[in-house]
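Take a look at the structure below.
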2 protein chains.
Amino acid sequence: MEKLGNPTRLEVFHLLVRAGEDGLAVGDIQRHLGIPASTLSHHLAHLVAADLVQQVREGRVLRCRPNFARMNAVLAFLTEECCVGVGATADQGDGPTRGKGAVEEQVAGKRV
Amino acid sequence: MEKLGNPTRLEVFHLLVRAGEDGLAVGDIQRHLGIPASTLSHHLAHLVAADLVQQVREGRVLRCRPNFARMNAVLAFLTEECCVGVGATADQGDGPTRGKGAVEEQVAGKRV
DNA sequence: TCATTATTTCGATTATTCCAGAAATATAGT
DNA sequence: ACTATATTTCTGGAATAATCGAAATAATGA
């Protein structure tokens, strides 16, 4: 999730998500977003390191695909533990336990 | 989304999500995560500015609630436009249009 | 091998963000 | 008014990250 915190990087990843599972070549991304090649390469390296993007060489061009499984996992990190409670600190008891149904009221997701 | 890019801030927000809709007081967060008050306040200000957290004073303590609607909107920003295509650049035509069903194959979300 | 296109690595600069101590402010109780 | 608790603001320095030009590397085809 940290890697998506940079606006440029988010823009790159967002573009790849829009492109779909075949993704785009590095040069295509560059043409779409108009950022210098070195800067783009730098950001892509971050996304690849985070496993949010996978790269495969196709001749001279390097195709970048979004890793949807990883994206979903990253997003689920926030939503999965919704409303489970936070446990106790040294000097206090548990907080109030939510009734069943709290999660469903708060978390939305695209139905599949 | 940029605001969730900082690990500490993400930790704070994640804790609030776990806590559920009633959230936690600033002091509770501090006790749970063990970060200095000034640092925590700084991060909370960011989250409030991003409308990811709402604060309401209750006597001496300031209660921080996660804004689930905003959280869902932020996450949806990535998933909603999945596979819609990226349009054209100046020097090339449209990329291949995906068949229907591409979105559902890639994007998961907690069912509600 | 040479030329061309695609992309990365290097290196230096600039910009941003993070952090935490100390002081200030807010609220409530006595 | 005074004290205690809760939280923020101020401040400055340290750490990180972003940026991008230039040079290097990779792949292809003539």
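Sequence lines set the chain letters: A, B, ... in the order given, protein chains first and strands last, and positions in each chain run from 1.
Between the side chain of B:Arg9 and the backbone N or O of B:Leu47, no donor-acceptor pair lies under 3.5 Å. No donor-acceptor distance shorter than 3.5 angstrom exists from the side chain of A:His14 to the backbone of B:Glu81, with no hydrogens or angles considered. Judged by distance alone, with hydrogens and angles left aside, the side-chain atoms of B:Asn67 form a donor-acceptor pair with the main-chain N or O of B:Asp51 at under 3.5 Å. B:Arg57 places a side-chain N or O within 3.5 Å of a backbone atom of B:Arg60 that can act as its donor or acceptor partner. No side-chain donor-acceptor contact under 3.5 Å links A:Arg18 to the backbone of B:Val84.
Of all non-hydrogen atoms in B:Pro66 and B:Gly23, the two that sit nearest each other are CD-CA, 4.0 Å. Closest heavy-atom contact between A:Gly87 and B:His32: O-CE1, 3.6 Å.
Computed from coordinates, the B:Leu33 CG to C:dA20 C1' distance equals 16 Å when rounded to whole Å. Atom pair B:Ile35:CD1 and C:dC18:C1' shows a separation of 12 Å (rounding to whole Å applied).
For the pair B:Leu15 and B:Glu11, the minimum side-chain heavy-atom distance is 4.5 Å or more. Looking only at side-chain heavy atoms (C-beta outward), A:Leu16 and A:Val53 come within less than 4.5 Å of each other.
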Atom pairs under 3.5 Å, N or O on each side, protein against nucleotides 2-8 of chain C: can you list them with distances?
| unit_1 | atom_1 | unit_2 | atom_2 | d |
| --- | --- | --- | --- | --- |
| C:dT4 | O2 | A:Arg60 | NH1 | 2.9 |
| C:dA6 | O3' | A:Arg60 | O | 3.3 |
| C:dT7 | OP1 | A:Val26 | N | 3.4 |
| C:dT7 | OP1 | A:Leu62 | N | 2.8 |
| C:dT7 | OP2 | A:Gly27 | N | 2.7 |
| C:dT8 | OP2 | A:Ser41 | OG | 3.0 |
| C:dT8 | O5' | A:Ser41 | OG | 3.2 |

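Within the model, atoms CG of A:Asn72 and CG of B:Leu75 stand 10.5 Å from one another, a figure rounded to the nearest 0.5 Å.
With sequence neighbours excluded, the residues satisfying side-chain contact (heavy atoms from CB on, under 4.5 Å) with B:Ala25 are B:Asp28, B:Val61. Residues that satisfy the salt bridge (Lys or Arg N to Asp or Glu O under 4.0 Å) test with A:Arg63, not counting sequence neighbours, are A:Glu58.
In the helix from C:dT1-D:dA30 to C:dT30-D:dA1, the rotation axis of the first five pairs and that of the last five pairs differ in direction by 20°, rounded to 10 degrees.
Contacts between chain A and DNA chain D, taken as any atom within less than 4.0 angstrom of a protein heavy atom, begin and end at D:dA18 to D:dT28.
Taken residue by residue, residues 3-16 of chain B places no heavy atom nearer than 4.0 Å to DNA chain D.
Using a 30° and 60° split on the angle between ring planes, B:His43 and B:His46 fall in the tilted class, from 30° to 60°.
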